[in-house]
Amino acid sequence: MTKQNIYILGIESSCDDTAASVIYNGKILSNVVANQKIHQEYGGVVPELASRAHQQNIVPVVHQALQKANIKKEQLNAIAFTRGPGLMGSLLVGTSFAKSLAYGLNIPLIDVNHMQAHILAHFIDEEGFDKPEFPFLAMTISGGHTQIVKVSSYFNMDVIGETIDDAVGEAFDKSGKILGLNYPAGPEIDKLAQLGNPKAFQFTKPKVEGLNFSFSGLKTAILYFIQREIKANPNFIKENLNDICASIQYTIIEILIDKLKLASKQTGIKQIAIGGGVSANSGIRQALKDGEQKYGWKSYIPKFEFTTDNAAMIAIVGYLKYLDKDFAEQDVTASARLKI
Ligand code: KG4
Ligand code: ZN
């Protein structure tokens with residue numbers, strides 16, 4: 001069989017990042033992301049502002065992705081886009097744009113589930129990065145989701161555990177807000193934690209049955225703890241910031257790893273992958289690596305640029321679906337609560 005030359009454009013606009021990427025036979029040629037700084041002032045994503053910024057960014061971002069890949073839009077074989085889950089107004093921008101472009105170029109349109117994409121990002125061809133073997137467990141940890149997924153094949157996935165309240169990214173971001181850090185606070189807590197003592201302060205871990213998670217109690221515990229300490233010493237946060245961040249991060253990672261251990265025990269699967277924005281965290285990356293020695297896991301940690309929201313992960317799913325000829329119709333609609 002002659003090898004086909006397939007170019008797919010991936011478009012991601014589910015939350016507050018406008019992103020586009022071109023993939024050629026499984027290899028990324030470009031991966032462009034425009035972050036929306038505007039939300040920092042508000043301490044969280046403002047949906048109305050997000051969709052407006054997507055409107056402004058999408059044409060230049062797609063243009064740049066094609067330019068960096070050094071191809072013309074006429075060379076594209078298909079357009080893949082994030083159908084959901086995410087913010088409706090944000091999803092609509094990417095969906096409408098993808099539909100129009102596919103229609104104009106008369107090429108197939110491919111709808112992609114954002115959470116599947118965080119998992120399938122592991123199948124991008126990258127030197128030095130192994131691809132997981134089926135079945136494997138994927139823990140998707142982001143600003144909107146916290147799930148453990150049993151992945152039996154590319155498109156056969158079962159959610160076997162998930163959060164019953166906040167997502168783990170929210171636990172980072174809301175803790176950061178209490179500490180007066182900018183949104184999103186995850187990356188900053190990670191940085192500050194590296195110079196702190198993770199055992200300096202103890203926070204009780206939630207007791208949740210089975211493979212589900214809960215993070216809202218931790219946020220409240222941190223709030224009360226800080227309020228109490230500030231009463232005794234108004235400079236408490238400033239004087240202990242590294243230790244506080246290290247302790248919060250340590251607790252969150254313990255919660256995640258405990259559930260992964262249980263999931264691995266219950267399913268007998270030792271191939272463990274992580275994905276989503278929080279998988280950029282240096283502590284969770286180290287904990288997963290340590291799991292290879294401690295629990296006999298084979299761990300898959302994504303390349304840094306494929307952790308937070310990006311379009312390369314949308315493009316790889318587009319490529320896999322293209323090979324299956326699994327295309328969307330022009331009347332496909334965005335779906336804010338799309339399930340895996
Ligand atoms: O996957 P993502 O980019 O967007 C969603 O789909 O939600 O994830 C964003 C989340 C934010 O909550 C952010 O604080 C968190 O990922 N995050 C981190 C780190 N980098 C991003 N959390 C902890 N440590 C990091 N290094
Ligand atoms: Zn995401």
Side-chain angles (χ1 to χ4, degrees), residues 10-19 21 31 33-37 39-40 43-45 47 50 54 81-87 90-91 94 112-122 138-147 149 162-163 166-179 181-194 196 198 213 215 218-219 245-256 274-288 301-314 316-317 336-338 340:
I11 294 172
E12 154 65 31
S13 74
S14 66
C15 189
D16 60 341
D17 295 307
T18 320
S21 165
N31 185 24
V33 184
N35 300 111
Q36 301 179 1
K37 294 272 176 277
H39 306 288
Q40 279 191 359
V45 177
H54 283 306
F81 70 98
T82 303
R83 184 180 172 215
L87 300 170
S90 292
L91 290 167
V112 174
N113 179 310
H114 181 91
M115 296 314 293
Q116 284 191 345
H118 271 304
I119 296 171
L120 296 176
H122 286 280
M139 186 168 69
T140 47
I141 39 181
S142 75
H145 299 268
T146 307
Q147 297 181 325
V149 184
E162 62 190 326
T163 182
D166 288 352
V168 60
E170 282 179 281
F172 274 103
D173 297 337
K174 289 179 178 174
S175 304
K177 201 169 180 176
I178 296 168
L179 300 174
L181 304 178
N182 282 331
Y183 174 87
E188 202 168 351
I189 292 183
D190 188 0
K191 212 157 80 199
L192 290 161
Q194 289 176 28
F213 300 89
F215 288 100
L218 178 66
K219 169 194 66 193
C245 289
S247 302
I248 291 173
Q249 183 166 305
Y250 178 80
T251 311
I252 291 176
I253 291 170
E254 279 222 320
I255 295 170
L256 296 175
I274 49 170
V278 180
S279 63
N281 183 270
S282 59
I284 189 74
R285 293 169 90 86
Q286 188 58 49
L288 228 75
I301 301 164
K303 193 177 180 189
F304 196 78
E305 63 179 297
F306 304 142
T307 54
T308 44
D309 287 349
N310 66 85
M313 67 184 195
I314 306 303
I316 184 68
V317 181
R337 295 182 180 277
L338 191 65
I340 270 189

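Just so you know, ligand 1 is whichever comes first in the structure, and atom 1 is the first atom listed for that ligand. Everything numeric here is computed off the predicted structure, so don't read it as measured data.
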[atom]: which protein heavy atom is closest, and how many Å away?
atom                    : result
atom 5 (C) of ligand 1  : Asp309 OD2, 3.5 Å
atom 11 (C) of ligand 1 : Asp173 OD2, 3.5 Å
atom 15 (C) of ligand 1 : Val278 CG2, 3.9 Å
atom 24 (N) of ligand 1 : Asn281 ND2, 3.0 Å

Taking 4.0 angstrom as the limit and counting only heavy atoms of [X], give me the atoms of ligand 1 inside it, by number and element.
X      : value
Gly144 : 7 (O)
Thr308 : 3 (O), 21 (C)
Gly169 : 12 (O)

Test item, His114 contacting ligand 1 (heavy atom, 4.0 angstrom): yes
Test item, Cys15 contacting ligand 1 (heavy atom, 4.0 angstrom):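 Cys15 does not count as a contact of ligand 1 under the 4.0 Å cut-off.
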For ligand 1, the portion of Asp190 having any non-hydrogen atom under 4.0 Å away: side chain
Ligand 1-proximal atoms of His118, by part, heavy-atom distance under 4.0 Å: side chain
Is the backbone N or O of [Y] less than 3.5 Å from a side-chain atom of [X], with the two atoms forming a donor-acceptor pair by type?
X      : Y      : answer
Thr82  : Val112 : no
Asp17  : Cys15  : no
Arg337 : Pro85  : no
Ser14  : Gly86  : no
Arg83  : Leu91  : no
His122 : Ile274 : yes
Thr146 : Val168 : yes

Minimum heavy-atom distance between Ile252 and Leu218, given as atom pair plus value: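 Minimum heavy-atom separation between Ile252 and Leu218: CG1-CD2, 3.6 Å.
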Contact summary for Met313 and Ile316, nearest pair of heavy atoms: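 Taking Met313 first and Ile316 second, the nearest heavy atoms are O-CG2, 3.2 Å.
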The Zn ion (ligand 2) contact by His114, N, O or S atom under 2.8 Å: yes
Contact check: His118 to the Zn ion (ligand 2), N/O/S below 2.8 Å: yes
N or O contact, [X] vs ligand 1, cut-off under 3.5 Å:
X      : value
Gly143 : yes
Gly186 : yes
Gly277 : yes

Separation of Ser282 OG from Gln249 CD (nearest 0.5 Å):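 Reported to 0.5 Å precision, the distance equals 5.5 Å.
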Aromatic ring pairing His114/His118, orientation class (parallel under 30°, perpendicular over 60°, tilted between): perpendicular
Name of whichever N/O/S atom of Asp309 is nearest to the Zn ion (ligand 2):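 Atom name returned: OD1.
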